[in-house]
Amino acid sequence: MNSSEILLDTLSQLGASTVFFVSGGNAMYLNDALQRSSLKSVAVHHEQAAAMAAESFGRVSESFGVCMTTNGPAVSNLLTGLAGAFLDSVPLIAIVGQSKEQLPLEDRTQFLRQSGLFELDTEGLVSSVSKAFIRVSREVSAREAARKAVHIATSGRPGPVVIEVPMDMQSKTEDVPAGDPETPITHLEITDVVKWADVEFAFKESKKILLLAGNGVLASRSNHSFRAFVEEFKIPFVTTQLAKGVAEFTHPQFVGHVGPRGDRAGNSAIQSADMLITIGASLGNQTTGYELSLFGPKCRKFIQDKAGGVSGKKLALSHVTYIDESAPLFLENLRSCIAKVGVPELEQDWLLKLARLKEHASVHSEPHLRDGSGHNLYDF
């Protein structure tokens, strides 16, 4: 098999199912391998569409999105889709072609700016909107590149990874690997026992407990465990704008969406809670509003904060405890807390108030119609 065939075959073994692509001359062996692979191929009319389709696929599937293009302007056309996946933590693999390695890398983009056809510095173009750039070369095999790319794209905070395959590498014959690709080694997370003791104490004292789910719940594939948790313990929750897919509007524990573009029920829940637990939320101003001191000013806040992504912003929030754990481990520890202290007895009047707000003050039921021929966004 050549490197192009091995690359796509390895991605298939690791969970890829669909490739969104635009064909091109400097990806000809990749295009040929795709035609003969087990992967479903979807041809689109523009590279930006390929990246955005792969990003959408990565959001809604249990796997990761894949797009494939040629080099040069095809790569620069990918950037907006890569940026969306990078900012929103969507696992995506972008496979791009490149001119033959006729000259050493350091000599190829000097005065003439390109050596081969449409040759641009792919790594330089994508470095700010991708987790990693991997070039298939004489030192890095196609199989190694695929395995490394999938591991990086799907582990930790997910995101896009770009694999570049120069033309002379695309057709290079490699030995066919025996068996399935090895499973990458994962590192065991450590629970912060001291901070979880504070959570246990707050569970005992609080009567208005609220969960805030962010896009990290979806990105970490924790949606099912999150829903199981709120349904088992009947704890109300709100979501950020990007986490609307966590639950349908009619879910009995769902209250609303928060932030300037949220709704009255969701924002009222935040302002009236005495304990707020956030999972997978970066707490940007489209969630908290622009006056941070007024975001749940009286409630105790426990924020899932992997790698200091939220605490590093030094937000002016009150009564905050940051817990450096991934969303899946954080949910496991929440369940362990309740197992120790018992299911919280929430204030029924508060729950009824939130339910009434959800029903009567939802965006679609408010009087947005206006006299005359014009329409506004909410009415629409």
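Checking side-chain atoms of Glu231 against main-chain N and O of Ala228 turns up no donor-acceptor pair under 3.5 Å. Judged by distance alone, with hydrogens and angles left aside, the side-chain atoms of Asp9 form no donor-acceptor pair with the main-chain N or O of Glu5 at under 3.5 Å. Of the possible donor and acceptor atoms, one in the side chain of Ser336 sits under 3.5 Å from a partner among the backbone N and O of Glu332. Of the possible donor and acceptor atoms, one in the side chain of Ser63 sits under 3.5 Å from a partner among the backbone N and O of Gly15. For Lys301 (side chain) and Gly296 (main-chain N/O), a donor-acceptor pair under 3.5 Å exists by modelled atom type. Listed for the Asn333 side chain is no donor-acceptor partner under 3.5 Å among the backbone atoms of Cys337. In this structure a side-chain-to-backbone donor-acceptor pair under 3.5 Å is present from Glu189 to Ser326. A distance-only check finds a donor-acceptor pair linking the side chain of Ser76 to the backbone of Pro73 [under 3.5 Å]. With hydrogens and angles ignored, the 3.5 Å screen pairs no side-chain donor or acceptor of Ser3 with any backbone N or O of Gln170. No side-chain donor-acceptor contact under 3.5 Å links Gln304 to the backbone of Thr278.
For residues 264-323, no residue pair satisfies the ring pair (Phe, Tyr, Trp, His ring centres under 6.0 Å) rule, not counting sequence neighbours. The ring pair (Phe, Tyr, Trp, His ring centres under 6.0 Å) analysis of residues 196-248, with sequence neighbours excluded, yields the pairs Trp196-Phe330, Phe226-Phe237, Phe229-Phe233, Phe237-His251, Phe237-Phe254.
Here the options are Leu334, Thr191, Ile190, the test is side chain to side chain contact (heavy atoms under 4.5 Å, CB included), and the partner is Leu329; only Thr191 passes.
Here Lys195 does not pair with Glu325 in a salt bridge; the nearest charged N to carboxylate O distance is not below 4.0 Å. A salt bridge links Arg36 with Asp32: the distance from a Lys NZ or Arg NE/NH1/NH2 to an Asp or Glu carboxylate oxygen falls below 4.0 Å. Using a 4.0 Å cut-off between charged side-chain N and carboxylate O, Glu232 and Arg227 make no salt bridge. Electrostatic pairing of Arg300 and Glu205 does not count as a salt bridge here, judged by no charged N lying under 4.0 Å from a carboxylate O. With salt bridges taken as basic N to acidic carboxylate O contacts below 4.0 Å, one links Arg59 and Glu55.
Each of Tyr29 and Met68 belongs to its own hydrophobic cluster when Ile, Leu, Val, Met, Phe, Trp and Tyr are linked at side-chain heavy-atom distances under 4.5 angstrom. A single hydrophobic cluster is not seen to contain both Leu39 and Val44; linkage of ILVMFWY side chains at heavy-atom distances under 4.5 Å, directly or through other members, places them apart. Cluster annotation: Leu276 and Trp350 are assigned to the same hydrophobic cluster (Ile/Leu/Val/Met/Phe/Trp/Tyr, side-chain heavy-atom contacts under 4.5 Å, transitive). Residues Leu8 and Met28 do not share a hydrophobic cluster, clusters being chains of Ile/Leu/Val/Met/Phe/Trp/Tyr side chains in contact below 4.5 Å. Under the 4.5 Å side-chain heavy-atom criterion for ILVMFWY residues, a single connected hydrophobic cluster contains both Leu218 and Leu331.
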Leu211/Val238 under side-chain contact (heavy atoms from CB on, under 4.5 Å): CA gap, chis, key distance, verdict: CA-CA 6 Å; Leu211 298 180; Val238 294; over 6 Å; no
Worked check of side-chain contact (heavy atoms from CB on, under 4.5 Å) between Thr70 and Val96: CA-CA 5 Å; Thr70 186; Val96 301; over 6 Å; no
Derivation of the side-chain contact (heavy atoms from CB on, under 4.5 Å) call for Met169 and Lys172: CA-CA 5 Å; Met169 292 294 105; Lys172 181 176 179 291; 3.9 Å; yes
Stepwise side-chain contact (heavy atoms from CB on, under 4.5 Å) check, Phe21 with Val42: CA-CA 6 Å; Phe21 78 105; Val42 180; 5.8 Å; no
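Summarising the geometry of Pro260 relative to Asn285, their closest heavy-atom pair is CD-O, 3.5 Å, with the distance given to 0.1 Å. In terms of heavy atoms, Ala149 sits closest to Ile163 at CB-CD1, 3.6 Å. Of all heavy-atom pairs spanning Ile279 and Ala327, the tightest one is CG2-CB, 3.9 Å. Of all the heavy atoms in Asp274 and Ser206, the pair that sits closest is OD1-CB, 3.3 Å. Contact detail for Pro297 and Gln271: the closest heavy-atom pair is CD-NE2, 3.9 Å. When all heavy atoms are compared, the tightest approach of Ile235 to Leu346 is CA-CD1, 4.3 Å.
Side-chain atoms of Val66 and Thr18, non-hydrogen and from C-beta on, never get closer than 4.5 Å to each other. Side chains of Asp88 and Leu242 form a contact here, defined as non-hydrogen atoms less than 4.5 Å apart. The shortest side-chain heavy-atom distance between Cys67 and Ile95 does not fall under the 4.5 Å cut-off. Using a 4.5 Å heavy-atom threshold, the side chains of Val258 and Thr239 count as separate.
For Lys313, the NZ atom counts as densely surrounded, since its 6.0 Å shell holds more than 12 non-hydrogen atoms of other residues, nucleotides or ligands. In this structure, Lys234 places its NZ atom where more than 12 heavy-atom neighbours from other residues, nucleotides or ligands lie under 6.0 Å away. Heavy atoms from other residues, nucleotides or ligands lying under 6.0 Å from CG of Leu352 number more than 12. Crowding of Arg138 atom CZ: a count of heavy atoms from other residues, nucleotides or ligands under 6.0 Å not exceeding 12. Counted within 6.0 Å of CD on Glu291, heavy atoms from surrounding residues, nucleotides or ligands total 12 or fewer; the atom is thus considered open.
No side-chain N or O of Thr10 forms a donor-acceptor pair with one of Arg143 less than 3.5 Å apart. Checked by atom type, the side-chain pair Asn77/Gln48 shows no donor-acceptor distance below 3.5 Å. Using modelled atom types, one finds no donor on one side chain facing an acceptor on the other under 3.5 Å when comparing Glu47 with Thr69.
Geometrically, Lys358 engages Phe249 in a cation-pi contact, judged by NZ or CZ lying under 6.0 Å from the ring centre and within 45° of the ring axis.
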